[in-house]
Amino acid sequence: MLRAFRDAFRIPDLQRKIVFTLLLLAVYRLGNAIPTPGINAAALANSNSNNSILGLIGLVSGGNLQQFSIFALGVLPYITASIVIQLLTTTIPALEKLSKEGEEGRKKINQYTRYAAIALGTVQATIFSVLFTRDAGNLAPGWDPGLFTILVMVLAQVAGIAFTMWLGERITEVGVGNGISLIITAGIIARYPPEIANTAKLMQAGNLTLFPLLGFILVTLLVIAGIVYVYQAERRVPVQYARKQVGGRSYGGQATFLPIKVNQAGVIPVIFASAMLILPNLLQQATQTRAPAVATFIQRYLSSGGVWYTVLEVLLIVGFTYLYNSVQFDPKRIAEQLREAGGFVPGVRPGTATAEFLGRISTRISLWGAIFLALLVIIPQLVQKATGVTTFQFSGTGLLIIVGVALETLRQLESQLTVRRYDGFISKGRIRGRLQ
């Protein structure tokens, strides 16, 4: 796969696409350095340095929510809207009909997703604008926490969300890879250089020894290797197609397989679980003065990193994994499609029996996928406690996103290289034919 990335730089067309993609990602990172009008970025970053509520959004946006830049929310509203629309597509008949209408239907669904992202982003921008302007010290000189200030901040954030979506679409259409995924990956990777620098400072000061750091690096590499292995793992269900006789010729009869990935849901269950666990922290902040007993209970049992918090997060991940897989992988629909195409699973009757067979396989594989995602959440916490390396935000979720996006981008490069090699082979054959 790495050879595909090397060979891509030898083709001028792919070179232009890669350079275009890198330039747009650089524009995105440049926007993350511009604070929202009315905000004192340094004071806000200092006050939010220990805020665990911003962990999920800070992970996706590269830590820019802490300083509330114009791209602070980034593509998070678009991701949430995409997941919601994707789930609604299987439950609302009108959306399900659109999804089956080919390219035009997909364009309509994408348009609805953009509208939903803007609406959701407006709500999120309003909440964070009000939250960050409660302390007058977070505001730039000359700005007051009034309605006009909040309105300016909300408009700046919504414009940033729209521009970020536009950047992602341009990368997808003109560049290489999925634009939204690459923007998320760029935000995650942008956090690593300062964290590596802080870790080096700890070693220079003598607060961190070499052996714990080497152990931390070794576990990180093992986690990356495990992510690559599980990401590509799949159960291949054999499928046989019946032979048809049409006009003296026989068609079909070939044997193939139906791939069912171990981690069908990707990182979505972890995002859902993290988003749900933000609610207790918000409730704690809201009840500190009015209901101190409730705030104390939440802080004791549902604080980030606690035992009950981890148990609840694992249960939510398992539940969301089964929920998302049940929506995305419909055994009845797949069994019906196989029967219409003349295909069958050897040893299993077509129709209901095939649907039940595929359903059992999906259920068992979903359990292993859920366990894998839960381990990605638990292992970083255990490693940080064991090694004492707390300056580097070792996140299994972030590594899963980076590895998944890297593998998909390399696959796209390989496919484009294959097409160009095939076209070159055909063109050379035509030239030789004309010369002869």
Side-chain angles (χ1 to χ4, degrees), residues 24-81 114-168 180 183-184 186-191 193-195 274-275 278-279 281-290 393:
L24 290 190
L25 291 177
V27 170
Y28 168 71
R29 292 308 308 166
L30 179 64
N32 281 316
I34 304 174
T36 301
I39 280 293
N40 186 342
L44 184 64
N46 185 46
S47 62
N48 290 332
S49 58
N50 296 321
N51 196 336
S52 61
I53 299 178
L54 308 180
L56 171 65
I57 305 177
L59 172 68
V60 176
S61 65
N64 293 289
L65 184 63
Q66 279 79 356
Q67 60 187 15
F68 209 45
S69 67
I70 58 174
F71 292 163
L73 294 175
V75 294
L76 186 65
Y78 182 82
I79 296 170
T80 309
R114 294 189 201 101
Y115 293 154
I118 293 297
L120 184 61
T122 303
V123 175
Q124 292 178 348
T126 304
I127 293 173
F128 285 110
S129 297
V130 173
L131 179 66
F132 292 155
T133 54
R134 290 188 307 176
D135 186 0
N138 295 331
L139 296 175
W143 291 78
D144 61 86
L147 181 60
F148 176 76
T149 300
I150 294 175
L151 180 61
V152 170
M153 292 180 181
V154 171
L155 290 176
Q157 287 300 312
V158 173
I161 293 169
F163 186 71
T164 304
M165 287 193 296
W166 181 83
L167 287 178
I180 299 297
I183 286 175
I184 297 172
I188 296 172
I189 294 176
R191 303 182 64 175
E195 291 174 353
S274 301
I278 288 176
L279 298 178
N281 290 284
L282 292 175
L283 182 62
Q284 177 192 355
Q285 290 192 356
T287 57
Q288 281 182 349
T289 56
R290 297 183 179 180
Q393 295 299 320

Verify, without hydrogens or angle tests, whether Q157 (side chain) and Q124 (backbone) share a donor-acceptor contact under 3.5 angstrom.
no
**Prompt:** Any donor-acceptor pair under 3.5 Å linking the side chain of T164 with the backbone of G74?
**Reply:** no
Taken to the nearest 0.5 Å, the spacing of N32 CG from I70 CD1 works out to 8.0 Å
Residue pairs passing the salt bridge (charged side-chain N to carboxylate O under 4.0 Å, His left out) test with at least one member in residues 114-123, sequence neighbours excluded, are R114-E169
Side chains of I79 and I184, heavy atoms from C-beta outward: is any pair under 4.5 Å? yes
Taking T36 for the side chain and S69 for the main chain, is one N or O donor matched with an acceptor at less than 3.5 Å? yes
Heavy-atom closest pair (P37 atom, A156 atom, distance to 0.1 Å) is CD-CB, 3.9 Å
Rounding to 0.5 Å, atoms CG (L120) and CG (L73) come to a distance of 9.0 Å
Minimal heavy-atom distance between A190 and P193, with the atoms involved, is O-CD, 3.5 Å
dist L139:CG -> M153:CE (nearest 0.5 Å) comes out at 5.0 Å
Between the CG atom in L155 and the CD1 atom in I150, the distance rounded to the nearest 0.5 Å is 12.0 Å
A117 and A81 have their tightest heavy-atom pair at N-CB, 3.6 Å
- Centroid-centroid under 6.0 Å between F128 and F68 rings: no
Note to self: side-chain contact (heavy atoms from CB on, under 4.5 Å) for S129 and V154? Distances and angles first, verdict last.
What the structure shows: CA-CA 7 Å; S129 297; V154 171; 3.8 Å; yes
Those residues at least two apart in sequence (or on a different chain) that pass ring pair (Phe, Tyr, Trp, His ring centres under 6.0 Å) with Y115 are none
Separation between CZ (F71) and CZ (F163), nearest 0.5 Å, reads 5.0 Å
Rounded to the nearest 0.5 Å, the CD1 atom of I180 sits from the OH atom of Y78 at a distance of 5.5 Å
